[in-house]
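The structure appears below as structure tokens.
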Amino acid sequence: MHVIAVLNQKGGSGKTTIATHLATALMMAGHDVLLVDSDPQGSARDWAAVREDQPVPVVGIDRPTIGRDLKNLARKEFVVIDGAPQAADLAASAIKAADFVLIPAQPSPYDIWATADLVELVKQRIEITDGKMQAAFVVSRAIKGTRIGSEVTNALNEYELPVLESRVTQRVIYPTTAATGTTVFDQDPDGPASIEINALMNELKAKLI
Ligand code: ADP
Ligand code: MG
């Protein structure tokens with residue numbers, strides 16, 4: 001079982017968008033997937049509930065027992081955890097359960113600096129697990145046609161965590177799909193958003209398998 005936790009204490013960084021899309025992309029690639037909603041606000045559960053024939057199974061575990069609870073569920077090939085904002089105990093529990101912590105961050109130094117506490121916890125865990133747990137930033141909500149500035153690159157480099165090559169761009173299609181419990185794969189299967197989500201999935205898979 002490969003557990004990917006999408007974490008960032010900042011709301012609006014794109015966690016739920018990335019978690020729902022990553023889970024769907026993995027499922028479409030033929031994997032057995034579970035999406036865990038660890039946010040007490042239940043956005044991923046809301047997303048799933050809108051659609052009666054939602055193909056991605058979603059469970060809510062918004063208590064700091066994620067690791068233990070996952071052991072009691074049927075084993076899946078992949079588990080994607082949608083992180084909670086500002087809940088240190090939930091984040092700590094998701095980090096402990098994770099094989100990979102994915103930190104989506106908007107390309108602004110302020111947003112990157114706001115991840116300092118999380119990065120600290122993640123680095124401790126990497127050390128405890130002798131590098132078995134991995135982590136990386138993914139640039140989220142990047143404006144198309146804009147280069148990531150040197151301030152952002154410098155802010156990311158300070159943390160000494162890898163930054164994925166794939167990025168998620170700011171696109172109207174993402175909030176549109178959220179409202180219908182679907183993903184970009186339903187609305188524009190060959191479009192640029194589907195391509196970038198698949199690239200993200202493949203980059204993560206290459207690191208995990
Ligand atoms: P989080 O789970 O970190 O709070 P969300 O994924 O819920 O973040 O995103 C917050 C808001 O921003 C939502 O309305 C979502 O639709 C929108 N959003 C997220 N990612 C993108 C994107 N790549 N392009 C456009 N809108 C986005
Ligand atoms: Mg969310």
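As the structure lists them, so they are numbered: ligands from 1, and atoms in each ligand from 1. If you're wondering where the values come from, they're calculated on a predicted model, not measured in any experiment.
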Pull out every atom of ligand 1 sitting under 4.0 Å from any heavy atom of [X], numbered as shown with elements.
X      : result
Gly11  : 4 (O)
Val168 : 23 (N)
Thr169 : 22 (C), 23 (N), 24 (N)

Report the distance from atom [atom1] of [X] to atom [atom2] of [Y], rounding to the nearest 0.5 Å.
X      : Y      : atom1 : atom2 : value
Leu156 : Ile112 : CG    : CD1   : 4.0 Å
Asp186 : Ser194 : CG    : OG    : 8.5 Å
Glu120 : Arg125 : CD    : CZ    : 15.0 Å
Thr17  : Tyr174 : OG1   : OH    : 8.5 Å
Leu26  : His2   : CG    : NE2   : 10.0 Å
Ile4   : Asp82  : CD1   : CG    : 12.5 Å

What protein heavy atom is closest to [atom], reported as residue, atom name and distance in Å?
atom                    : answer
atom 14 (O) of ligand 1 : Pro175 CB, 4.7 Å
atom 8 (O) of ligand 1  : Gly14 N, 3.1 Å
atom 4 (O) of ligand 1  : Gly12 N, 2.7 Å
atom 7 (O) of ligand 1  : Thr16 CB, 3.9 Å
atom 25 (C) of ligand 1 : Arg171 O, 3.1 Å
atom 12 (O) of ligand 1 : Arg141 NH1, 3.1 Å

*Under 4.0 Å from ligand 1, counting heavy atoms only, is it the side chain of Val172, its backbone, both or neither?*
neither

*Give the intermediate values and the outcome of side-chain contact (heavy atoms from CB on, under 4.5 Å) for residues Leu204 and Leu164.*
CA-CA 9 Å; Leu204 284 171; Leu164 295 188; 4.1 Å; yes

*Polar contact flag for Ala178 and ligand 1 (N/O pairs, less than 3.5 Å)*: no

*Is there at least one pair of N or O atoms, one from Tyr174 and one from ligand 1, spaced under 3.5 Å apart?*
no

_Atom of Ala155, atom of Trp113 and distance for their closest heavy-atom approach_ = CB-NE1, 3.8 Å

_Looking at every heavy atom in both Asn8 and Leu118, which two are closest together, and how far apart are they?_
CA-CD2, 3.8 Å

*Around the Mg ion (ligand 2), number of protein N/O/S atoms which are nearer than 2.8 Å*: 1

*Return the option from Ile18, Thr17, Asn8 holding the heavy atom at the smallest distance from atom 6 (O) of ligand 1.*
Thr17

*Determine whether the side chains of Ser150 and Asn154 contain a donor N or O and an acceptor N or O closer than 3.5 Å.*
no

_Under-4.0 Å salt bridge between Arg45 and Asp62_ = yes

*Are any of the side-chain nitrogens in Asp53 or Arg51 under 4.0 Å away from the carboxylate oxygens of its partner?*
yes

